[in-house]
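Since the structure comes first, as structure tokens, the remarks are kept for the end.
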Amino acid sequence: MSIADTDLATVDLTDVELFADGPPHELFARMRAEAPVRWNPMSDGDGFWSVTRAEDIERISKDPETFSSNLSGFMIREDAPLSADVMRMVLLGIDPPEHTKYRMIIQRVFTPATINKSEDAIRSRVNKLLDGICERGTADFVAEVAVPLPLQTIAEILGVPDDDCEKLFEWTNRIERAVGTASDDGMAAFGEMGMYLAGLVNERKENPTSDLISQLIVAEVDGERLDDLQLTAFFALLMFAGNDTTRNTASGGLLGLLQEPSEVQKLRDDPAMIPSGVEEMIRWVSAVVHFRRTATKDTEIGGVPIKRGDKVVMWYPSGSRDEARVEEPMRFTIDRDGASHQAFGGGGRHFCLGAGLARLQLRILLEELLRRMPDIQIDGSPVHGRSNWVNGITALPVKFTPSSPQG
């Protein structure tokens with residue numbers, strides 16, 4: 001049955017098969033047009049309101065008093081991938097005014113001035129990764145470039161040794177895979193990460209440095225320092241947000257770009273358009289697919305009554321392709337003037353702290369790719385991950401004219 005013939009009343013967006021090739025954009029378009037605020041029953045008898053229009057997503061995001069992250073978690077299922085108690089310790093699961101205090105701790109590390117100081121180190125890291133593949137003329141862009149670049153970048157900011165990056169990658173992947181399932185592996189991975197972090201914390205207490213772990217250890221909220229569980233929750237969030245989302249935007253964004261040769265040519269002809277190209281990549285992918293809020297009182301969204309305690313799920317890729325905000329949203333083009341999207345959330349207090357760092361990494365990656373591998377193209381079928389939480393590609397074969405390493 002085609003999307004056009006699907007009875008929207010029967011659609012269950014917790015079914016990851018709907019996301020086998022990425023977010024179901026045609027389905028989201030129908031929902032925006034016919035049922036922008038729609039009740040989605042679940043097999044366990046629970047359910048949630050599915051919100052697909054950018055205007056409604058923005059309104060929910062900017063009203064934490066009515067739509068809480070803390071009341072019962074920020075994922076569709078309250079116990080996956082982490083327990084509800086743990087999710088309430090993660091920045092995403094905290095409401096103002098506490099959220100504002102905790103956010104200030106990390107915000108100091110992600111100021112524009114601090115991020116800009118990372119440019120040379122990121123460019124060096126990108127070129128080292130490209131040196132590793134340039135002579136072959138072929139590569140899996142995901143495994144060999146998109147995965148290690150943000151992973152190494154956030155590991156350096158946190159103060160994690162390069163040799164431990166593989167462990168962190170696997171832990172965050174296990175937590176991600178546990179989303180929406182009855183598996184306990186998300187909590188198991190979180191526990192292993194906590195044990196690892198305990199060793200780093202003890203080391204930094206004895207020999208503090210300027211890294212983020214050292215700053216988190218001494219940070220105070222209302223005169224109290226973070227306990228070990230809170231430190232682990234912050235650490236897990238930063239590893240996921242700083243690694244997973246940029247990796248998926250780099251790979252999915254490059255796929256979108258390479259599928260439009262005329263857009264690639266525009267960037268070759270005018271590299272000054274690369275920041276615009278990066279913004280379109282971010283919009284096109286919208287790496288985080290959904291987050292949830294819970295209504296704190298009876299209210300309405302788009303004229304639909306919402307009861308106190310109801311779950312409300314925001315679908316960000318749908319908001320990023322809303323025809324009311326974006327002209328020809330299903331077309332990848334770098335010519336958009338300030339591309340409207342919700343890839344970093346719908347605004348408000350939970351706007352992505354690492355947006356500036358993500359943009360910097362993506363810009364440098366695109367600059368160096370087009371400089372060193374100007375004829376890069378897709379060399380086979382990409383492999384999409386099946387997830388209604390993260391829009392990710394697990395393999396992207398590419399080819400290009402072989403060249404010599406820079407260094």
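Bear in mind the structure is a predicted one, so any value in this text is a computation, not a measurement. Excluded from the calculations below are hydrogen atoms, water molecules and symmetry mates; all remaining heavy atoms, backbone and side chain alike, are included. If you read the sequence from its start, that first residue is 1, and numbering goes on from there.
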For Glu34, all residues meeting side chain to side chain donor-acceptor pair (under 3.5 Å), sequence neighbours excluded: Arg30

Pairwise side chain to side chain donor-acceptor pair (under 3.5 Å) hits with a residue in residues 138-161, at least two apart: Arg125-Thr153, Arg125-Glu156, Arg136-Glu144, Thr153-Gln361

Side-chain donor/acceptor of Arg293 to backbone N/O of Met314, under 3.5 Å: no

Glu192 atom CD, neighbour heavy-atom count above 12 within 6.0 Å: yes

Donor on one side chain, acceptor on other, Thr10 and Asp7, under 3.5 Å: no

Pair listing, ring-ring contact (aromatic ring centres under 6.0 Å, His included) test, anchored in residues 120-172, at least two apart: Trp171-Tyr196

What pairs of donor and acceptor atoms, side-chain ones from residues 374-384 against any protein atom, are under 3.5 angstrom apart with sequence neighbours left out?
{"unit_1": "Asp375", "atom_1": "OD1", "unit_2": "Thr401", "atom_2": "N", "d": "3.2"}
{"unit_1": "Asp375", "atom_1": "OD2", "unit_2": "Thr401", "atom_2": "N", "d": "3.3"}
{"unit_1": "Asp375", "atom_1": "OD2", "unit_2": "Thr401", "atom_2": "OG1", "d": "2.4"}

Thr294 (side chain) donor-acceptor with Asp310 (main chain) under 3.5 angstrom: no

Carboxylate-amine/guanidinium proximity below 4.0 Å for Asp56 and Arg53: no

Check: Trp315 and Val289 side chains under 4.5 Å, non-hydrogen atoms: yes

Reference residue Glu368; test salt bridge (charged side-chain N to carboxylate O under 4.0 Å, His left out); the match among Arg123, Arg363, Lys128: Arg123

Ion pair check, Glu367 and Arg371, cut-off under 4.0 Å: no

Any Leu396 side-chain heavy atom under 4.5 Å of Leu258 side chain: no

Distance-only polar pair, side chains of Arg372 and Ser403, donor-acceptor under 3.5 Å: no

Side-chain ion pair, Glu328 and Arg336, N-O less than 4.0 Å: no

Ring pair (Phe, Tyr, Trp, His ring centres under 6.0 Å) against Phe332, all qualifying residues, sequence neighbours excluded: Trp284

Glu300 atom CD, over 12 foreign heavy atoms within 6.0 Å: yes

Residue pairs involving residues 264-273 (criterion side chain to side chain donor-acceptor pair (under 3.5 Å); sequence neighbours excluded): Glu263-Lys266, Gln265-Arg268, Gln265-Asp269, Lys266-Asp335

Interatomic spacing from CG in Asn388 to CG in Asp15 - rounded to 0.5 Å: 9.0 Å

Non-hydrogen side-chain atoms of Leu168 and Asn243 separated by less than 4.5 Å: no

Presence of salt bridge, Arg359 and Glu279, under 4.0 angstrom: yes

Beyond-backbone contact of Thr299 with Phe67, side-chain heavy atoms, under 4.5 angstrom: yes

Ser68 versus Asn70, side-chain donor and acceptor atoms under 3.5 Å: no

Minimum heavy-atom distance Ile60-Val312, with the two atoms named: CD1-CG1, 3.5 Å

